[in-house]
Protein chains: 2
Amino acid sequence: MSKITITDVARRANVSIKTVSRVVNGEPNVRDGTRERVQQAILDLDYRPNPSARSLATQRSYLVALIYDDPDAYEAPSCGYVVNLQQGLLSACNARGFDLLIHPANYRDSKALENIAKMIAHARPEGVVLAAPLSNMPDVVATIEDSGTRLIRLSPGACATGQFVETDDAEAAQAMTSYLASLGHRRIAFVRGHAKHSAVQLRLSGYKAGLRASGLNLDPALIVDGDNSIASGEDAAAQLLALEQPPTAVFAANDDMAAGILRTASRFGVNVPDQLSVAGFDDISLAQQIYPALTTVRQPLRAIAYRAGEMIIDDVQGTHEDNVIPAEIVVRESTAPLARKH
Amino acid sequence: MSKITITDVARRANVSIKTVSRVVNGEPNVRDGTRERVQQAILDLDYRPNPSARSLATQRSYLVALIYDDPDAYEAPSCGYVVNLQQGLLSACNARGFDLLIHPANYRDSKALENIAKMIAHARPEGVVLAAPLSNMPDVVATIEDSGTRLIRLSPGACATGQFVETDDAEAAQAMTSYLASLGHRRIAFVRGHAKHSAVQLRLSGYKAGLRASGLNLDPALIVDGDNSIASGEDAAAQLLALEQPPTAVFAANDDMAAGILRTASRFGVNVPDQLSVAGFDDISLAQQIYPALTTVRQPLRAIAYRAGEMIIDDVQGTHEDNVIPAEIVVRESTAPLARKH
DNA sequence: GACAAAAGCGACAGCGTTGTCATGCTGCTG
DNA sequence: CAGCAGCATGACAACGCTGTCGCTTTTGTC
């Protein structure tokens with residue numbers, strides 16, 4: 001019930017309220033002695049500036065909003081996605097005296113756009129961070145931009161206009177491919193994802209770059225199509241295992257397909273990782289729940305969200321590199337060094 | 001960039017700002033004609049009251065804070081718990097023009113209490129909802145209560161002083177145990193959760209009561225410890241399956257551990273549910289994604305959080321029954337009648 | 001040591017609401 | 001029809017802070 005106001009502090013420090021304001025906001029032109037006196041008074045009284053009064057006077061809200069797809073209908077993976085983004089963004093906000101508003105939006109709901117507009121009009125955040133997959137839906141983006149609020153998009157994919165933060169999918173795919181090569185694998189297959197998913201193209205080119213970097217040749221027979229589903233991973237694996245010279249490692253463009261590969265391998269009696277190494281992409285929570293737990297690529301979600309918060313609050317544009325956060329390879333049980341031929 | 005203020009509305013409706021204020025806040029003593037005129041002006045101008053100004057004038061924050069255990073690391077899929085609570089509470093808040101502040105607190109961090117106090121002093125929420133397992137940590141509770149903020153605890157377990165909302169974990173656990181017994185199982189194991197999580201104690205006693213109610217004896221060897229993680233579920237299962245007389249059913253105190261049990265069973269070549277029935281607790285989304293889909297106890301998390309929001313904002317005390325939201329047994333594929341011995 | 005420039009500080013007016021109180025009007029009572 | 005309660009409304013002062021501007025000092029310069 002802290003009823004201590006700036007006036008109380010001013011009286012105790014024997015200065016005007018304006019000087020207290022200067023000290024609190026770190027403004028210049030305050031003599032050291034005076035500053036210390038004021039700071040002591042603040043400490044003594046345990047004074048906390050009233051955020052509402054400050055907002056009213058400065059015409060700012062000191063608020064950032066995070067809008068993400070409502071994981072209600074969505075499955076478990078997006079829970080982890082959401083929570084990590086929240087925490088990353090929250091850290092950035094708290095470090096700067098900002099508060100965070102969360103706004104789950106179900107894009108299947110016809111009122112989703114209206115709700116977003118309503119939230120922005122009501123709370124007036126200084127910026128909005130828009131998480132994938134909402135970040136590449138034109139109507140959602142338009143709704144936010146129309147409100148005049150600064151917008152940072154997360155992993156917006158191909159149509160990356162405006163400000164955004166993302167990971168370099170190509171680089172990550174290259175790193176994973178190189179990792180597999182470093183385990184001794186020379187026949188490394190790649191399962192492509194759904195053509196519409198723009199990151200998929202990047203992952204493929206990263207795979208190719210990884211092969212090159214490891215001095216391996218590209219065998220077109222080792223690149224097969226999938227559509228991001230578990231079933232398509234099963235099919236792809238069946239196709240690959242039927243090859244005359246089957247691969248000893250398979251890198252799937254997402255975790256679901258990798259899970260499908262695991263299933264097929266199990267059905268074919270192929271042991272993972274002893275006979276076949278399997279790697280995925282995304283680190284959905286399924287990845288650690290299946291057996292064997294999946295070696296995969298993890299997006300540094302907290303770092304991404306933190307960066308987005310910085311961009312909004314510190315109002316920095318940032319070079320392109322600053323906004324591309326490198327991904328991380330998570331080695332679990334589904335990959336192993338290539339067994340020597342006897 | 002809505003710079004429309006109450007003054008603009010007043011001018012357009014040809015009334016004083018005070019009358020606009022009356023209409024906006026649904027106060028009495030406004031002639032119908034005047035009210036309509038004002039409402040039309042509000043619509044025409046798309047006027048939104050400035051929350052900061054309102055807060056300043058009313059000395060209220062229109063804020064509710066949700067404090068929960070930081071599901072640190074990507075490993076803990078307890079984030080489904082968090083996300084559901086957030087959404088339930090958010091619904092309650094938004095319906096009443098309140099905003100929600102989220103505050104993940106890592107109780108292993110020595111500054112956790114300090115951070116909570118700081119958040120409350122800074123944002124001055126009108127109430128705090130404290131999620132389990134934080135809700136039964138005396139120092140956390142004390143910190144919040146010392147701030148003078150209204151506190152609603154979620155599933156506070158044994159030490160339920162003050163206001164709280166919970167499900168009857170003991171009753172639910174008893175029901176699940178009885179259900180397993182009704183399938184013919186006579187050796188039903190129980191995997192305990194993290195000792196600090198007090199609901200765990202209730203679930204254990206519910207398990208015991210369920211055994212009693214079904215006329216089964218308690219075998220101490222069938223009660224093993226876990227720490228709520230998948231890994232601990234794996235370990236627990238390994239321990240149970242190695243028993244001379246292994247159980248035919250295992251009831252885990254949460255779904256993560258149940259998932260771990262499933263993994264170990266698969267690794268041991270034990271078929272679920274034919275050779276082993278497995279039941280969990282919580283109904284996290286993982287429960288229905290894994291194979292076999294998990295029979296479990298569902299806590300109505302959103303309803304619980306919504307209720308907590310109501311209690312804070314509407315300032316209702318509520319009878320005890322109002323604040324105990326019944327849980328539900330969800331039967332899926334991981335449990336089956338005990339196979340007859342041949 | 002004179003003078004300009006800059007530093008240090010305070011008075012006061014907002015910021016957009018709500019609360020308080022005064023005022024005029026309406027309708028009812030006797 | 002006087003008298004009065006109560007309804008409808010408005011004027012104006014908070015609420016706690018920052019921005020602007022002006023007044024004193026201090027500092028720097030030759």
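The shown structure was predicted, so the numbers you read here are calculated from the model rather than taken from an experiment. Heavy-atom basis, side chains included; hydrogens, waters and symmetry copies ignored. Every chain is numbered from 1 and lettered A, B, ... according to where its sequence line falls, protein lines coming before strand lines.
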Original post:
Can a side chain N or O of A/Ser16 be found less than 4.0 Å away from OP1 or OP2 on C/dG10?
Top reply: yes
Subject >> d(CG, A/Asn14; C1', C/dC9) in whole Å >> reply: 12 Å
**OP:** Give the nucleotide from the list C/dG10, D/dC17, D/dT18 with an atom nearest to the side chain of A/Pro49.
**Re:** D/dC17
Subject >> Integer-rounded Å distance: D/dG16 P and A/Ile4 CD1 >> reply: 11 Å
**OP:** Take A/Glu166 and A/Gln299 through the side-chain hydrogen bond (donor to acceptor under 3.5 Å, both in side chains) test and state the conclusion after the steps.
**Re:** CA-CA 9 Å; A/Glu166 63 182 8; A/Gln299 282 193 68; over 6 Å; no
**OP:** Tell me whether the OP1 or OP2 atom of C/dG10 has a side-chain N or O from A/Thr19 closer than 4.0 Å.
**Re:** yes
Subject >> Atom pair distance, as rounded to whole Å: CZ in B/Arg124 and C1' in D/dC17 >> reply: 12 Å
**OP:** Tell me which of B/Lys18 and B/Ser52 sits closer to the 5' end of DNA chain C, going by the nucleotide each one is nearest to.
**Re:** B/Ser52
Original post:
Is it the case that A/Arg54 and A/Asn25 place a side-chain donor and acceptor less than 3.5 Å from each other?
Top reply: yes
Original post:
Taking side chain as C-beta onward, heavy atoms only, is B/Val128 less than 4.5 Å from B/Ile152?
Top reply: no
Original post:
Which part of the nucleic acid, if any, lies within contact of A/Val24, taking any heavy atom under 4.0 Å across all strands shown: a base, the sugar-phosphate backbone alone, or nothing?
Top reply: nothing
Subject >> A/Ile17 CD1 - D/dT18 P separation (whole Å) >> reply: 9 Å
**OP:** Quickly work out the A/Tyr62 OH to D/dT18 C1' distance and round it to whole Å.
**Re:** 9 Å
Subject >> Residue A/Asn29, side-chain atoms from C-beta onward, closest of D/dG16, C/dG16, C/dA7 >> reply: C/dA7
Original post:
Looking at the side chain of B/Gln59, which of C/dG16, D/dC15, D/dT9 is the nearest nucleotide?
Top reply: D/dC15
Subject >> Interatomic distance, B/Arg31 CZ vs C/dC25 C1' [rounded to whole Å] >> reply: 8 Å
Subject >> Integer-rounded Å distance: C/dC15 P and B/Leu56 CG >> reply: 14 Å
Subject >> Residue A/Ser21, side-chain atoms from C-beta onward, closest of C/dG16, D/dT18, C/dT17 >> reply: D/dT18
**OP:** Determine, step by step, whether B/Gln87 and A/Asp70 satisfy the side-chain hydrogen bond (donor to acceptor under 3.5 Å, both in side chains) criterion, reporting the C-alpha distance in whole Å, the side-chain angles of both residues, the deciding distance to 0.1 Å, and the verdict.
**Re:** CA-CA 9 Å; B/Gln87 289 180 349; A/Asp70 183 350; 2.7 Å; yes
Original post:
Just how far is it from atom CZ of B/Arg12 to atom CD1 of B/Ile4, taken to the nearest 0.5 Å?
Top reply: 9.5 Å
**OP:** Classify the nucleic acid contact of A/Pro28 as base, sugar-phosphate or nothing, counting any heavy atom under 4.0 Å across all strands shown.
**Re:** nothing
**OP:** Indicate, with a heavy-atom threshold strictly under 4.0 Å, whether B/Ser55 touches base, sugar-phosphate, or nothing.
**Re:** nothing
Original post:
If you check every side-chain atom of A/Arg22, which of D/dT26, D/dT18, C/dG10 has the closest atom?
Top reply: C/dG10
**OP:** Can you tell me the distance, in whole Å, between the CG atom of A/Asn50 and the C1' atom of C/dT18?
**Re:** 15 Å
**OP:** Please state whether the phosphate of C/dC9, meaning OP1 or OP2, lies under 4.0 angstrom from any side-chain nitrogen or oxygen of A/Thr34.
**Re:** yes
